[in-house]
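Working notes, beginning with the structure itself.
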Amino acid sequence: LMHRNLLIVAVLVVTAGCASTSSTVIPITDQRASKMAIVPFEGQYGAQAVDLISQEFAKRNIAVVEGSTVRNLLAIDTDLSETSPNSVTSLQAYGEQLGVRFLFTGTVEAIGGPLYSFDHVKMTMRLIDVSTGQTRWIGNYGNSMWSSAISTQGDLQRGAKHIVKEFDESGADEIIK
């Protein structure tokens, strides 16, 4: 009987440790306080990456404009890689309409892992100054040779966390303040 109760307690402790719930309180800020908008990312996992990266920025108290506001404004096909006068004018207009100075954009791709592992995530992100069209920060995540990806979704979550951590630790967060 004692062994059975001990086994039940052990199973409950292990299963409780497997639950992963987290939350972040985002302080109320004026929309104009957000100096960066997250533009929908290109690629198969782009929409999920936007959500995950937005959550990571929120955990670091970095206010961003994202979601339907940005999607509705940028509903047309936009190539943000150009720095021609026309695209700089477009960037300035987007920045003005969103009330931001920077756009955070990028691509999220799934690339085959070694042997029979899950696909790995490769992210390339950029911070663009809307007033000049200049890229102020570039970050990359992903290594297809890293074979410890338990799942593509897990790698996507890890990638979002690592990209925002790198953004913060490289000093890019100071640019947007």
Side-chain angles (χ1 to χ4, degrees), residues 22-111 119-143 152-153 155-177:
S22 66
S23 66
T24 303
V25 174
I26 302 170
I28 296 174
T29 60
D30 185 347
Q31 176 94 2
R32 293 169 299 210
S34 300
K35 296 188 176 142
M36 178 174 65
I38 299 179
V39 176
F41 301 149
E42 295 178 27
Q44 176 182 3
Y45 295 104
Q48 292 172 355
V50 167
D51 290 340
L52 293 169
I53 287 174
S54 295
Q55 291 171 22
E56 291 299 322
F57 277 129
K59 289 176 186 175
R60 293 174 183 268
N61 292 321
I62 298 173
V64 298
V65 175
E66 50 94 20
S68 61
T69 305
V70 177
R71 282 192 300 276
N72 290 340
L73 178 63
L74 300 176
I76 57 169
D77 185 24
T78 311
D79 181 5
L80 299 176
S81 63
E82 298 290 319
T83 55
S84 67
N86 289 339
S87 65
V88 170
T89 302
S90 296
L91 288 173
Q92 290 170 343
Y94 296 146
E96 191 173 307
Q97 290 175 6
L98 292 168
V100 297
R101 291 184 45 219
F102 299 97
L103 297 179
F104 192 82
T105 185
T107 59
V108 182
E109 304 172 272
I111 52 177
D119 285 350
H120 294 267
V121 174
K122 180 179 181 199
M123 296 181 181
T124 303
M125 301 292 146
R126 296 181 302 136
L127 181 69
I128 301 172
D129 185 325
V130 297
S131 65
T132 64
Q134 290 181 328
T135 298
R136 298 291 309 272
W137 177 85
I138 297 175
N140 296 296
Y141 170 82
N143 181 350
T152 303
Q153 291 298 318
D155 199 32
L156 183 62
Q157 292 171 346
R158 185 174 29 260
K161 187 176 286 189
H162 284 251
I163 281 284
V164 174
K165 180 181 178 190
E166 183 63 27
F167 183 87
D168 194 17
E169 290 179 356
S170 70
D173 61 323
E174 293 298 320
I175 295 172
I176 62 170
K177 289 183 180 176

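Computation of the quantities below employed the complete heavy-atom set of this structure, encompassing side-chain atoms and omitting hydrogens, waters and symmetry-equivalent molecules.
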Checklist line | Spacing of N61 atom CG and D168 atom CG [to the nearest 0.5 Å] | finding: 10.5 Å
Notebook entry, point to check: Is the number of heavy atoms from other residues, nucleotides or ligands within 6.0 Å of CD (E96) greater than 12?
Noted result: no
Check: Can you find a heavy atom in the side chain of I176 that is under 4.5 Å from one in the side chain of F167?
Finding: yes
Item checked: Closest approach of V50 to P40 (non-hydrogen atoms, all atoms of both residues) -> CG2-CA, 4.0 Å
Next item on the list: Find the distance between CG (D173) and CH2 (W137) and round it off to the nearest 0.5 Å.
Entry: 10.5 Å
Next item on the list: For residues R126 and L103, determine if any side-chain heavy atom of one lies less than 4.5 Å from a side-chain heavy atom of the other.
Entry: no
Margin query: Is there a side-chain contact between R60 and K165 in this structure, where contact means two heavy atoms from C-beta onward sitting under 4.5 Å apart?
Written below: yes
Note to self: Taking H120's backbone N and O only, do any of them form a donor-acceptor pair with D155's side chain (distance below 3.5 Å, no angle check)?
What the structure shows: no
Next item on the list: Write down the atom of A49, the atom of L156, and the distance for their closest heavy-atom approach.
Entry: CB-CD1, 4.1 Å
Checklist line | Rounded distance (nearest 0.5 Å) linking atom CD1 of I62 with atom CD1 of I53 | finding: 11.5 Å
Margin query: Using every non-hydrogen atom in the two residues, find where V64 and S54 come nearest and quote the distance to one decimal.
Written below: CG2-OG, 4.4 Å
Note to self: side chain to side chain contact (heavy atoms under 4.5 Å, CB included) for Y141 and E166? Distances and angles first, verdict last.
What the structure shows: CA-CA 10 Å; Y141 170 82; E166 183 63 27; over 6 Å; no
Check: Should I128 and F102 count as side-chain neighbours, where that means a heavy-atom distance under 4.5 Å?
Finding: no
Next item on the list: First locate atom OG1 of T107, then atom CE of M125, and finally report the distance between them rounded to the nearest 0.5 Å.
Entry: 6.0 Å
Check: Does V164 reach the side chain of K59, with side-chain heavy atoms less than 4.5 Å apart?
Finding: no
Next item on the list: Could you tell me whether the side chain of R158 reaches within less than 4.5 Å of the side chain of H162, counting heavy atoms only?
Entry: yes
Next item on the list: Decide yes or no for Y45 and M123: does some side-chain heavy atom of the first lie under 4.5 Å from some side-chain heavy atom of the second?
Entry: no
Check: Closest approach of L52 and A160, non-hydrogen atoms and distance?
Finding: CB-CB, 3.6 Å
Next item on the list: Check whether any side-chain N or O of T105 sits under 3.5 Å from a backbone N or O of V39 as a donor-acceptor pair, and report yes or no.
Entry: no
Notebook entry, point to check: CZ of R101 to CE of M36: how many Å apart, nearest 0.5 Å?
Noted result: 12.0 Å
Note to self: With rounding to the nearest 0.5 angstrom, report the OG1 to CD distance, T152 to Q44.
What the structure shows: 8.5 Å
